[in-house]
2 protein chains.
Amino acid sequence: MAEPMYKQIAEDLRKKIETGELAPGGQLPTELDLRESYNASRNTIRDAIKRLISSGYVETRPGQGTFVLRNIDPFVTTLSRDKDSGLGGGEGASYLSEVSKQHRTPEVGPVRVEMQLARPEIAARLRVPTDTQVVSRHQERFIDGTPWSLQTSFYPMELVTSGRATRLLLAEDITEGTATYLEGATGRKQVGYRDWITARTPDENEQKFFGLPHDSTVFEIFRTAFDQSGVPTRVTVTVFPADRNQFIVNVGTLPDPEYDAR
Amino acid sequence: MAEPMYKQIAEDLRKKIETGELAPGGQLPTELDLRESYNASRNTIRDAIKRLISSGYVETRPGQGTFVLRNIDPFVTTLSRDKDSGLGGGEGASYLSEVSKQHRTPEVGPVRVEMQLARPEIAARLRVPTDTQVVSRHQERFIDGTPWSLQTSFYPMELVTSGRATRLLLAEDITEGTATYLEGATGRKQVGYRDWITARTPDENEQKFFGLPHDSTVFEIFRTAFDQSGVPTRVTVTVFPADRNQFIVNVGTLPDPEYDAR
DNA sequence: GCAAATTTGTTCGTATGTATT
DNA sequence: CAATACATACGAACAAATTTG
């Protein structure tokens, strides 16, 4: 026996899921049933199920059972457009209309405004010293009622201390978009941005908000926006669960943005 | 006790790793030692270590012990440039020079050329029927000796059956870049591309090649390149382990591409 | 609304196998 | 070959969450 028993059992169950013998949303036999089917101990069955969980096939609900995960229809965020250089996809203001275009229902939570000390990742991108005070605007975002992303934008404090962009301090949406608002209020026009895409495991807050297991994966995207002088005006950090989000980057001249096969 | 013991032990060990009390590359006490330190059974200790493994903090080596993972210096791939619309980052030909720019040593394996039946994901992007024959060019790529990515490009068969781009069939590098070669050989100029970014768990091949645990994460990026008529000339699928790869997308006008803080 | 039954979660003990030194 | 350390597997008991009667 090359492969240990728990891997064989996991593989067998995986096949039954792939072939549809165990349908999405359906329930697996209980641990005690599987224990008899496979002639193994309950712990071995549990090891097999743990494998299926971390591979993203099933979930267990205490007191209920083990269930095949439904295939989530992923949401696709476009990080770059070719036409409108300037503002891009996935951001606060454009979020609502962009999601609607994909025939899905977006919602956003209230904006939470805080003064914070910039941690190194943020400070370096905003080109301010670490632990400088910055304005933080945080928002939860949902699609069709499902938690979809967490977004936090950081702005240099001088934007508000100078008295020019004080609406950043109000805990309310800036419906025309912060890029547009900042251009009118400060004359600093957003002419470009750079996205830095990473993946990591979710922290405790993110696990709770998204309902993710501790060993799942989230995308973390740092967007640094620059004004016409090449000075960063803003850093936006957005966290997306990897199981329900995908991204598109368009470069050069392209045919119409058909959302074709996945 | 709200939290179960194995989570508390994992959390305690995690803190010791975060504070540097357990240094990167260093060895944890053996399971039997930890069993005494924490007054728990060996199974409970193992549950705690499993948590640390799936959170990416440690690895176990049978017969040796449990070790704190060294922080990998991630490689950053730029998916879009503002200047040169056309060819972009992370691709076959430009790979070697691009990696060298980051003061790291790139290597590539031999090109493996195959005729394949296009699976649906590929066929839809190339706009050919599923199971149509396509040319597949596959290559392994390394940085500083570490397996870094697996890349497979798919080309419509007509490019070679028409006798115009027969070098695609040769199992050798096309040093000037396939985009340049195809333009000369067929007159089809690459004027843009679209990247589709997803994350998933690695398959068995990928686990073996990259040395990844079965529950880790890889990025999978589908790049569809288009010619001046808006027709796809190529689909390139690249798989990157998420623990050692990050991506940048540039949009609009930007200051010099300083590779600043992470 | 409560008690019982069901199902998964945690913890222990033990034995044996496999990889490395 | 022996010692060490992790991997697999079994059995058992009790806890916690949920559903059922």
Side-chain angles (χ1 to χ4, degrees), chain A residues 1-14 17 22 25-69 204 207-208 211-216, chain B residues 1-14 17 22 25-69 204 207-208 211-216:
Chain A
M1 49 171 129
E3 289 291 90
M5 197 187 308
Y6 76 97
K7 285 186 187 173
Q8 292 181 38
I9 297 172
E11 180 59 14
D12 190 66
L13 291 170
R14 194 190 60 73
I17 293 170
L22 291 166
Q27 182 168 8
L28 267 68
T30 68
E31 293 175 353
L32 293 183
D33 288 342
L34 291 170
R35 181 179 143 282
E36 295 192 356
S37 314
Y38 288 103
N39 242 307
S41 75
R42 185 176 160 225
N43 280 336
T44 300
I45 296 296
R46 283 178 60 76
D47 282 346
I49 291 177
K50 276 177 203 159
R51 247 183 108 78
L52 294 176
I53 293 174
S54 57
S55 301
Y57 288 103
V58 304
E59 71 176 345
T60 57
R61 304 183 205 138
Q64 295 188 57
T66 304
F67 299 85
V68 181
L69 283 180
E204 234 170 284
Q207 286 168 39
K208 205 155 83 176
L212 295 173
H214 82 283
D215 61 346
S216 58
Chain B
M1 44 171 127
E3 289 292 272
M5 199 188 306
Y6 76 97
K7 285 186 186 174
Q8 292 181 39
I9 296 173
E11 180 60 13
D12 190 64
L13 290 171
R14 194 191 60 74
I17 292 170
L22 291 166
Q27 182 169 9
L28 267 68
T30 68
E31 293 174 351
L32 293 183
D33 288 343
L34 291 169
R35 181 180 142 283
E36 296 192 355
S37 314
Y38 288 104
N39 241 308
S41 77
R42 183 167 163 237
N43 281 336
T44 301
I45 296 296
R46 283 179 60 76
D47 282 345
I49 291 177
K50 276 178 203 159
R51 244 182 112 78
L52 293 177
I53 292 173
S54 58
S55 301
Y57 288 103
V58 304
E59 70 176 344
T60 56
R61 304 182 205 140
Q64 294 188 57
T66 303
F67 300 85
V68 182
L69 283 180
E204 235 170 282
Q207 287 168 38
K208 205 155 80 178
L212 295 172
H214 83 281
D215 61 345
S216 58

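Below, chain A is the first sequence line, B the second, and so on; all start at residue 1. Predicted model, so just to flag it, every value in this text is computed and none were measured.
Separating the CG atom of A:Leu32 from the C1' atom of D:dC10 is a distance of 15 Å, rounded to the nearest angstrom. Remark: P of C:dT10 and OH of B:Tyr38 are 18 Å apart, rounded to the nearest angstrom. Counting to the nearest Å, the C1' atom of C:dA19 and the CD atom of B:Glu31 are 14 Å from each other. Look at CZ on B:Arg35: it is 15 Å from C1' on D:dC6, rounded to the nearest Å. Atom CD in A:Glu36 sits about 14 Å away from atom P in C:dT6, given to the nearest Å. For B:Ile45 and C:dG13, the CD1 to C1' distance is 15 Å, given to the nearest whole Å. We find that CD of B:Gln27 is positioned 14 Å from P of D:dT4, with the value rounded to whole Å. The distance between atom CG of B:Asn39 and atom C1' of C:dT10, rounded to the nearest whole Å, is 17 Å.
At a cut-off of 3.5 angstrom, counting only N and O atoms as typed in the model, there is a donor on one side and an acceptor on the other between the side-chain of B:Arg42 and the base of D:dA7.
In this structure the side chain of B:Tyr57 never reaches within 4.5 angstrom of the side chain of B:Thr66, judged on heavy atoms. At least one side-chain heavy atom of B:Ile17 sits under 4.5 Å from a side-chain heavy atom of B:Val58. Contact annotation: the side chain of A:Leu32 approaches that of A:Arg42 to within less than 4.5 Å [non-hydrogen atoms, C-beta and beyond]. A:Ser41 is not listed as a side-chain neighbour of A:Arg35, based on a closest heavy-atom distance of 4.5 Å or more. With contacts defined as side-chain heavy-atom distances shorter than 4.5 Å, the pair A:Pro213/A:Gln207 does not qualify.
Between C:dT10 and B:Thr44, no contact under 4.0 Å exists linking OP1 or OP2 to a side-chain N or O.
Proximity note for A:Thr30 (side chain, C-beta onward) versus C:dT7, D:dA9, C:dT11: the nearest is C:dT7. Distance from the side chain of A:Arg46 is smallest to C:dG9 among D:dA5, D:dT8, C:dG9. Distance from the side chain of B:Tyr6 is smallest to C:dT11 among D:dC6, C:dT11, C:dC12.
Side-chain atoms of A:Asn43 and A:Tyr6 include no donor-acceptor pair closer than 3.5 Å.
Take the nearest nucleotide of DNA chain D for B:Asn43 and for B:Ile49: the residue whose nucleotide is more 5' is B:Ile49. Sequence order on DNA chain D of the closest nucleotides to A:Asp47 and B:Gln64 puts B:Gln64 first from the 5' end.
The two residues A:Ala40 and A:Met5 make their nearest non-hydrogen contact at CB-SD, 3.7 Å.
Contacts between residues 50-63 of chain B and DNA chain C, counted as heavy-atom distances below 4.0 Å, involve B:Pro62, B:Gly63.
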